[in-house]
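All remarks here apply to the structure that follows.
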Amino acid sequence: MLYVDTSVIVKLYIKEEYSLEISRWIKQNNEAIPLTRFHELEFTNAIYLKQFRAEMTNEQALLVLSKLDEHQRRGVYYRPQINWTDAINFALDLSQSHTKTTGSRSLDILHVASALALDANRFLTLDQRQAALAALAGLTIENSGRGEGRS
């Protein structure tokens, strides 16, 4: 199963650097993407932050949020059952084992832990540190054809 970081999902709806590469990769991959409540929180918050920063209007934000809902109905995403206790336990273990060497942020750790809790074996992110952590956790890092991610 493929797990996709929220920053990748945002690029499918907001034109940003690497949006085109991500869109092509997702279409070629042709696999439904798991969407957890954590993804939904981060996605919605990212849209509202763009509104706060005057990077998009209220109408644009509502359009983006409705497109996400439409894509869920069409099967682009699916809602897996996740055991959040397991995810938090994985996150604590990952933090204790790797943050000193990777500099991972807690939300990035929680994405990797969520992937583990869902038994994902593949991980797509644009964040180098998150990718390093996911690799240390045993996940295969997907190459979306983009350049270097943030660090």
Side-chain angles (χ1 to χ4, degrees), residues 1-92 94-95 104-135 137 139-151:
M1 172 205 310
L2 172 66
Y3 186 94
V4 177
D5 174 48
T6 309
S7 64
V8 171
I9 296 171
V10 168
K11 291 186 183 317
L12 294 172
Y13 298 89
I14 306 295
K15 193 172 195 171
E16 297 178 339
E17 187 177 17
Y18 307 123
S19 287
L20 184 59
E21 293 87 348
I22 291 296
S23 180
R24 284 184 189 144
W25 190 92
I26 293 291
K27 286 178 185 171
Q28 289 172 350
N29 187 57
N30 196 28
E31 181 178 345
I33 299 168
L35 190 72
T36 67
R37 295 292 283 172
F38 176 44
H39 284 107
E40 189 174 2
L41 166 65
E42 276 204 312
F43 184 87
T44 303
N45 200 63
I47 300 308
Y48 291 145
L49 279 173
K50 287 187 177 294
Q51 210 177 337
F52 173 79
R53 295 176 185 141
E55 296 172 10
M56 69 174 24
T57 65
N58 186 57
E59 293 77 23
Q60 290 170 320
L62 292 174
L63 180 62
V64 167
L65 294 171
S66 70
K67 282 196 175 284
L68 180 72
D69 288 340
E70 175 191 334
H71 288 157
Q72 286 183 69
R73 287 190 300 278
R74 289 192 1 218
V76 173
Y77 303 101
Y78 70 96
R79 295 287 189 161
Q81 293 297 314
I82 186 166
N83 183 320
W84 287 108
T85 300
D86 287 350
I88 296 297
N89 287 336
F90 281 130
L92 284 167
L94 290 167
S95 175
S104 298
R105 295 169 294 217
S106 56
L107 292 179
D108 293 336
I109 293 168
L110 193 51
H111 273 297
V112 174
S114 295
L116 295 174
L118 291 171
D119 290 326
N121 58 350
R122 298 163 38 232
F123 198 90
L124 179 60
T125 184
L126 297 172
D127 185 309
Q128 291 176 332
R129 287 183 189 169
Q130 189 179 48
L133 179 66
L139 298 165
T140 300
I141 307 307
E142 290 292 328
N143 181 354
S144 65
R146 88 285 188 232
E148 293 297 313
R150 70 176 190 216
S151 54

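Since the model is a prediction, treat every value here as computed from it, not as a measurement.
- The neighbour count for Gln81 CD, taken as heavy atoms of other residues, nucleotides or ligands under 6.0 Å away, does not exceed 12.
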Can Val76 and Leu68 be said to form a side-chain contact (heavy atoms from CB on, under 4.5 Å), step by step? CA-CA 9 Å; Val76 173; Leu68 180 72; over 6 Å; no
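- Side-chain contact check for Ile33 versus His39: every heavy-atom pair is 4.5 Å or farther apart.
- For the pair Asn29/Leu2, a side-chain contact is recorded, criterion being any heavy-atom separation below 4.5 Å from C-beta on.
- Considering CG of Leu20 and CG of Leu12, their distance stands at 11.0 Å, rounded to 0.5 Å.
- Here the straight-line distance linking atom CD1 of Ile109 with atom OG of Ser114 works out to 11.5 Å at 0.5 Å rounding.
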Does the side-chain contact (heavy atoms from CB on, under 4.5 Å) test come out yes or no for Leu65 and Tyr48, once each step is laid out? CA-CA 10 Å; Leu65 294 171; Tyr48 291 145; 3.7 Å; yes
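- In this structure, CG in Leu41 is found 9.0 Å from OG1 in Thr36, a value given to the nearest 0.5 Å.
- Counting all heavy atoms, side chain and backbone alike, Ala137 lies closest to Val112 at CB-CG1, 3.8 Å.
- Nearest heavy atoms, Pro34 versus Pro80: CB-CG, 3.7 Å.
- Applying the salt bridge (charged side-chain N to carboxylate O under 4.0 Å, His left out) test to every pair with at least one member in residues 53-66, sequence neighbours left out, gives these pairs: Lys50-Glu55.
- Scanning all heavy atoms of the two residues, the minimum distance from Leu94 to Ala113 falls at CD1-N, 3.9 Å.
- Here the CD-CD distance, from Glu142 to Glu31, works out to 8.5 Å after rounding to the nearest 0.5 Å.
- Heavy-atom minimum distance, Ala131 versus Ile141: O-CD1, 3.4 Å.
- In this structure, the side chain of Ser95 does not engage the main chain of Ala91 through any donor-acceptor pair within 3.5 Å.
- Rounding to the nearest 0.5 Å gives a distance of 8.5 Å between OG1 of Thr44 and CZ of Arg37.
- Under the 4.5 Å side-chain criterion, counting only non-hydrogen atoms from C-beta, Lys27 is in contact with Ser23.
- Annotation for Ile82 and Ala117: closest pair CG1-CB, 4.0 Å, computed over non-hydrogen atoms.
- No side-chain heavy atom of Glu17 sits under 4.5 Å from any side-chain heavy atom of Leu126.
- Rounding to the nearest 0.5 Å gives a distance of 12.0 Å between CG of Asn58 and CD1 of Ile47.
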Checking Leu139 against Leu116 for the side-chain contact (heavy atoms from CB on, under 4.5 Å) test, could you report, in this order, the C-alpha distance in whole Å, the side-chain angles of both residues, the deciding distance, and whether it holds? CA-CA 8 Å; Leu139 298 165; Leu116 295 174; 4.2 Å; yes
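- Remark: side-chain polar atoms of Ser19 are paired, donor with acceptor, to backbone N or O of Lys11 under 3.5 angstrom.
- Side-chain contact between Leu35 and Ile9 is present, with at least one heavy-atom pair separated by less than 4.5 Å.
- By the 4.5 Å heavy-atom criterion applied to side chains, Leu107 and Phe38 are counted as neighbours.
- Using a 4.5 Å heavy-atom cutoff, the side chains of Trp25 and Leu124 are in contact.
- Within the 4.5 Å cutoff, no side-chain heavy atoms of Thr125 are placed close to those of Tyr3.
- Applying the ring-ring contact (aromatic ring centres under 6.0 Å, His included) test to every pair with at least one member in residues 58-85, sequence neighbours left out, gives these pairs: Tyr13-His71.
- Using a 4.0 Å cut-off between a side-chain N of Lys or Arg and a carboxylate O of Asp or Glu, Glu21 and Arg24 do not qualify as a salt bridge.
- Between Arg129 and Ser104, the shortest heavy-atom distance links the atoms O-OG, 4.2 Å.
- In this structure Thr6 satisfies the side-chain hydrogen bond (donor to acceptor under 3.5 Å, both in side chains) test together with Glu42, His111, sequence neighbours excluded.
- One N or O on the side chain of Asn121 and one on the backbone of Met1 form a donor-acceptor pair closer than 3.5 Å.
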